[in-house]
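Order of the sequence lines fixes the chain letters, A, B, ..., with proteins taken first and strands second; residue numbering starts at 1 for each chain.
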Protein chains: 2
Amino acid sequence: MAFKKKETPPGETAAQNVAALITAEIFDQFDLGLQLPSETELAARFKVSRVTVREALKLLAGRGLINLSRGRRAAIQQPDGAMFGAFLQALIHSDPRAVFDLTQVRRSLEVQSVTLACRNASRSGIDVVTSALAVMREIAQSMPEGEANVEVGQAFDHADVKFHQSIALAGGNRVLTFLFEAMEGALIESFKRSRRFQKRSRDTLLSVCDEHAQVLEHVQLKDERAAIEALLALIDRSEANLRSSSGMNVRSRM
Amino acid sequence: MAFKKKETPPGETAAQNVAALITAEIFDQFDLGLQLPSETELAARFKVSRVTVREALKLLAGRGLINLSRGRRAAIQQPDGAMFGAFLQALIHSDPRAVFDLTQVRRSLEVQSVTLACRNASRSGIDVVTSALAVMREIAQSMPEGEANVEVGQAFDHADVKFHQSIALAGGNRVLTFLFEAMEGALIESFKRSRRFQKRSRDTLLSVCDEHAQVLEHVQLKDERAAIEALLALIDRSEANLRSSSGMNVRSRM
DNA sequence: GTGCAAAAACTTGTCATACAAGTTGTCTAT
DNA sequence: ATAGACAACTTGTATGACAAGTTTTTGCAC
């Protein structure tokens, strides 16, 4: 990897400058997993101390561009939705009403996701969705009959989100897949909050699984209309829970 | 700001640990502009060196959670779409076909945006959209008659994107607004690429303005169907340009 | 007391050096 | 040829120092 040398920038710090230079190189040859030179080497190239290089690398790591781990060199990484997700969580934390903004957006993205899955899903893509559903069922079965277990409920929510992600993946749109990944954290967080005072029995979870199974079934048959209908029914119920538990007044459906 | 103390984490590094602790505190009290304690103070609290604290702060700065500048303490910052936008640009850079993934997502977000604007737009929200359109017209008028100017064209694209952002803003959904901000960079980039060999005359730009004016008009009248129709016509033409210039085969419309 | 400029006190940015801790490649003994 | 010890490399953290900004305090003139 060939880095260009550059003197000193005006108002910016050296670390920012180095970060920008490395970023440019990463964009130039965007090979995932490719390793950057060692910190000492970078320091020599840019004529700065290793500390400065390290701070630049931390900046890039914060942006999700590279992966740092002890003993190993920095590796170019595909950014995931983590950072965007962090923003969403912060937004929702600062104003809980923003959850509904999120679910509103989510609804239209889900519709598109299912539509694309109907059109583009390969056999292997469907398999992933199927196994995601199987995981949901498994977790639902593990819910004790008598008293509802909170941890199992959270695991179920996690599997639920994964199911929707797998549909986005099957649809083949990378931007959409990314967005679903990014929304994951915020969605689970909002689920958790909405279910603080709301216990769910095993039967409840299993019925949720059945709803999801219907969506999957229609996707397999490439029946867009039916799939969307099943999906919307599912999301409506989920949002209704969210609203009732948080005591917000209902917004018009979109 | 009261930080909790914590011993040592398992596999993670001290810097990551400190970053997580600070993040938790930031989420706890999410006041924009609020200043964090000084690095030395944080180092004392977490019983780590200042170097470690600094690396943790760089991580957070990379995520857009805080703002660092020399001599001043770190300030809590509202993350903007920059990082997400950077990801999109990287994605498109690595695989130009991803542009169509983006436009596909954009289409459905635009539809929702216009729908919400029809329902929720306040008088002042509409005013912002109107002025955005005025800017577009102004730039279009400044396009020289004889030969097409590339810079004017880019300024026009910028104003175009701003118009769509203002509609999202008028719709009142914060997540949607954020997403439009985030897509800005990638959209302009893709526009730029698609118009490398394609000159646009003043009349062309003015007709684009007219198309946008129609959308605005229907939004003002709260006619959702007509607004969406006008919007889709507009987007279709834009995407057709993108496809023809990049020589890709056409995907099915969604 | 007020206003303002100089100075002191903080605070962040960068450097050099040292060592701990993890990873990778090499080399030998079997 | 393989396993394990060992050396070389690499990243993570600490300490101390100083440069370069920013904020607060001080002190003087009025």
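Of the residues near DNA chain C, A/G71 and B/E41, the one whose nearest nucleotide (by heavy atom distance) lies more toward the 5' end is B/E41.
As rounded to whole Å, 13 Å separates atom C1' of C/dT12 from atom CG of B/L36. One interatomic measurement links the two molecules: CZ of A/R73 to C1' of C/dT24, which rounds to 11 Å at whole-angstrom precision. Rounded to whole Å, the distance from CG on A/L68 to P on C/dT23 is 14 Å.
Annotation: salt bridge (charged side-chain N to carboxylate O under 4.0 Å, His left out) contacts involving residues 124-134 of chain B, sequence neighbours excluded, comprise B/R123-B/D127.
Partners of B/F156 by ring-ring contact (aromatic ring centres under 6.0 Å, His included), not counting sequence neighbours: none found. Applying the salt bridge (Lys or Arg N to Asp or Glu O under 4.0 Å) criterion to A/R200, with sequence neighbours excluded, gives A/D157. Under the side chain to side chain contact (heavy atoms under 4.5 Å, CB included) criterion, B/S142 pairs with B/I139, B/V152, not counting sequence neighbours. The side chain to side chain contact (heavy atoms under 4.5 Å, CB included) check on A/I188 picks up A/H158, A/V161, A/E184, with sequence neighbours excluded. Listed by chain and number, the residues in a ring-ring contact (aromatic ring centres under 6.0 Å, His included) with A/H164 are A/H212 (sequence neighbours excluded). Checked against side chain to side chain contact (heavy atoms under 4.5 Å, CB included), B/S69 has the following partners two or more places apart in sequence or in another chain: B/R72.
For DNA chain D, the outermost nucleotides in 5' to 3' order that have an atom under 4.0 Å from a heavy atom of chain A are D/dT10 to D/dT13.
Taking every heavy atom of both residues into account, A/V105 and B/Q112 meet most closely at CA-OE1, 3.6 Å.
Near DNA chain C, meaning a heavy atom under 4.0 Å away, the residues from residues 51-61 of chain B are B/R54.
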